[in-house]
Protein chains: 2
Amino acid sequence: MAKATIADVAKHCGVSTATVSMVLTNKGRISATTRERVLEAVKELGYVYNQAAANLRHKRSNLVGLVTPDITNPFFSEMIAGLSHYLEEQDSLLFLANAEESVERQSKFIDSLLSQNAGGVVMCPAMETNLDFLETVQSRGFPIVLAVRPIGEDQFDFVGTNNFMGLQLATEHLIKKGHKHIAFVGGLEISKTRSHRLGGYMSKLMEHGIPFNERYIRSCSASRSEGAKVTRELLDQYPEITAIIGYQDIVAFGVMRAIKDLGKTVGKDIAVVGFDDVAESADTNPALTSISVSAREIGRAAGEIILSRMEGDKQPYKSVVFPPKLVVRNSCG
Amino acid sequence: MAKATIADVAKHCGVSTATVSMVLTNKGRISATTRERVLEAVKELGYVYNQAAANLRHKRSNLVGLVTPDITNPFFSEMIAGLSHYLEEQDSLLFLANAEESVERQSKFIDSLLSQNAGGVVMCPAMETNLDFLETVQSRGFPIVLAVRPIGEDQFDFVGTNNFMGLQLATEHLIKKGHKHIAFVGGLEISKTRSHRLGGYMSKLMEHGIPFNERYIRSCSASRSEGAKVTRELLDQYPEITAIIGYQDIVAFGVMRAIKDLGKTVGKDIAVVGFDDVAESADTNPALTSISVSAREIGRAAGEIILSRMEGDKQPYKSVVFPPKLVVRNSCG
DNA sequence: CTGAAAGCGCTTACAG
DNA sequence: CTGAAAGCGCTTACAG
């Protein structure tokens with residue numbers, strides 16, 4: 001029993017395929033009685049609509065792709081949840097790619113999307129992504145919305161947060177608590193996001209007339225153990241440090257760990273602030289003060305934009321920025 | 001400039017579309033010179049292969065769906081990473097759905113897959129999924145592989161771990177350390193997986209002649225705070241307890257938290273074992289002894305099976321089980 | 001309100 | 001080794 005097609009349905013109730021198609025898609029004027037007959041035949045034959053064939057015919061698509069650098073990172077998985085939830089509401093389907101910071105894998109995935117007839121893609125571009133690549137894709141009429149990581153100023157839709165402001169909030173919080181020796185731990189040097197956050201950090205320091213010490217800044221990859229390692233070195237060399245900002249919560253966890261290992265108390269001897277406000281941050285001991293950026297909202301907003309572009313929205317490119325918030329808990333005393 | 005098609009390429013170099021198709025798919029015998037001419041035209045026109053059209057024509061598909069109950073759970077995101085990595089290697093694309101334990105959303109997603117012409121689905125079925133639903137889908141010739149959560153004995157392919165054995169390992173470890181009052185915290189009562197784990201726990205107890213106390217068993221949802229709450233109650237009522245097994249690591253973190261809050265020491269006063277061995281477990285203080293089940297491997301294996309079914313593999317259904325391992329760290333002294 | 005017919009971009013026997 | 005032609009399952013003007 002091969003799958004039933006529109007033609008089978010048509011034959012079954014003595015109408016044309018055009019008619020069946022119209023009742024299925026709610027187009028044109030169909031008499032109530034015909035419509036019912038068709039719908040009944042659909043049930044009887046167990047007919048399932050072939051969306052792929054329809055897409056081919058009218059050259060549209062309800063398929064959207066998502067490129068993430070690391071699905072395993074809680075921030076991104078939250079974002080995916082937000083995006084996928086929205087797409088589901090809109091009866092759209094999501095292709096997922098986990099590019100793991102590889103420019104090649106990312107571009108291969110885009111090729112697959114293109115050939116699979118997807119309608120657009122939301123990307124958290126790998127760090128080394130170059131602008132030309134994205135421009136080429138977009139110039140072929142394939143909508144892109146950048147999420148989380150901006151590239152190129154006004155040439156793409158973007159949704160994310162304001163990293164600069166996030167670190168201003170964190171830094172200000174610490175300064176107000178009286179800290180003067182504030183370190184910054186984490187992030188990779190090539191990261192644009194990191195440079196924005198550093199900008200927020202440094203500008204706040206200057207604003208308050210606190211001398212800026214380059215040696216208080218350390219990069220490391222996104223893991224607890226790296227965060228802990230770098231912190232041990234840092235505290236060893238610069239015992240005057242009384243506060244540390246983690247580039248991500250996960251790094252901040254490592255920072256806290258290192259502080260405890262040195263026999264000091266987080267929040268008393270040394271204050272710690274994170275970034276991302278992942279679920280776990282509310283549960284550590286002490287609970288981590290962090291900068292909250294609503295990953296789920298970013299995902300949803302990205303979904304809204306990509307879908308509207310796929311429907312032909314020709315407005316100028318826009319940036320949707322969710323301002324970060326400072327969530328005060330116990331890690332700063 | 002509309003997208004180039006196979007016909008444009010054919011015209012451009014004066015051959016038939018059949019020829020172009022054959023060089024594109026490496027079928028049939030094509031002379032080297034023709035092949036080159038075609039390939040050149042492809043470059044020149046910026047032609048991109050329309051896989052969707054091809055799928056429609058030969059009624060195949062390289063699209064696979066994945067249903068997870070919670071993409072935000074680290075165990076599942078690891079699994080997704082494993083699956084997506086494998087599918088990528090095989091030039092297959094992944095549709096992702098985050099069903100959030102909703103049977104309706106799950107079934108809606110399957111409908112979308114069907115109508116989008118996907119070739120199969122790997123499912124971590126929502127807890128209340130009923131067998132009939134899955135059977136109906138499968139009987140329509142749509143391959144399903146169940147991952148992580150088994151349903152129905154021999155009617156589906158399955159890949160996962162041996163939960164019974166996992167808890168036997170955990171329980172035995174504690175018994176060998178001399179514990180006699182061992183509690184079991186977490187999981188939801190409707191969960192099949194939980195009942196398997198409970199089986200492992202109880203059987204090990206009996207094997208060693210340790211009386212089994214129903215009151216030492218508590219259910220709770222998968223969060224730190226729930227784990228902590230239940231643990232406080234438990235320890236309050238049954239101070240004789242010296243060891244607690246967490247249904248998942250995340251619950252075990254809550255357990256450890258509650259123990260500390262009571263002024264006791266994890267690993268000295270009370271031993272704790274988790275399940276899942278998520279990344280974080282190596283980093284808690286003390287590091288959590290846990291049962292490791294290779295989520296990534298499960299994802300990959302699920303990918304292998306679904307793809308082979310999609311290619312027509314008609315072997316009897318099989319179960320691939322990765323035996324869990326005990327990873328000893330410091331939470332049991 | 002409904003049907004006949006062409007066509008979306010590809011593939012696949014069948015000839016030659 | 002290559003071409004002509006039918007067809008995958010749908011949609012869309014165009015008639016009537």
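A quick note: this is a predicted structure, and the numbers were derived from the prediction, not measured.
Using a 4.0 Å heavy-atom criterion, one finds that B:R35 contacts no nucleic acid atom at all. Counting any heavy atom pair closer than 4.0 Å across all strands shown, A:T5 reaches sugar-phosphate atoms only and no base atom. Backbone-only engagement by A:I30 is indicated by non-hydrogen atom pairs under 4.0 Å involving sugar-phosphate atoms exclusively. Looking at heavy-atom distances under 4.0 Å, B:A18 makes contact with a base.
Looking only at distances, a side-chain donor or acceptor of A:T136 sits under 3.5 Å from a matching main-chain atom of A:D132. Judged by distance alone, the side chain of B:T161 and the main-chain N or O of B:F322 form a donor-acceptor pair under 3.5 Å.
Minimum heavy-atom separation, B:S84 to B:L94: CB-CD2, 3.9 Å.
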Kindly determine whether B:S16 and B:T19 satisfy side-chain hydrogen bond (donor to acceptor under 3.5 Å, both in side chains), including the steps that lead there. CA-CA 5 Å; B:S16 75; B:T19 303; 3.1 Å; yes

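Remark: DNA chain D forms stems of 3 or more consecutive Watson-Crick or G-U wobble pairs, all pair distances under 3.5 Å, at C:1-3 with D:14-16, C:5-12 with D:5-12, C:14-16 with D:1-3.
Along DNA chain D, the nucleotide nearest to B:S16 and the one nearest to A:N55 differ in position, and the one closer to the 5' end is contacted by B:S16. For B:A53 and A:S31, each mapped to the nucleotide of DNA chain C holding its nearest heavy atom, the one lying further toward the 5' end belongs to A:S31. Nearest-nucleotide mapping onto DNA chain D: of A:R60 and B:T34, the residue sitting toward the 5' end is B:T34.
Once you apply a 4.0 Å limit to the heavy atoms of chain B, the touched nucleotides of DNA chain D run 5' to 3' over D:dC1 to D:dG9.
The CZ atom of A:R300 sits 4.5 Å away from the CD atom of A:E89 when rounded to the nearest 0.5 Å.
The pair A:E101-A:R149 meets the salt-bridge criterion, since a charged nitrogen lies less than 4.0 angstrom from a carboxylate oxygen. With salt bridges taken as basic N to acidic carboxylate O contacts below 4.0 Å, one links A:K108 and B:D91.
Each of A:I6, A:L39, A:D8 was checked for a side-chain contact (heavy atoms from CB on, under 4.5 Å) with A:V20, and the lone residue meeting it is A:I6.
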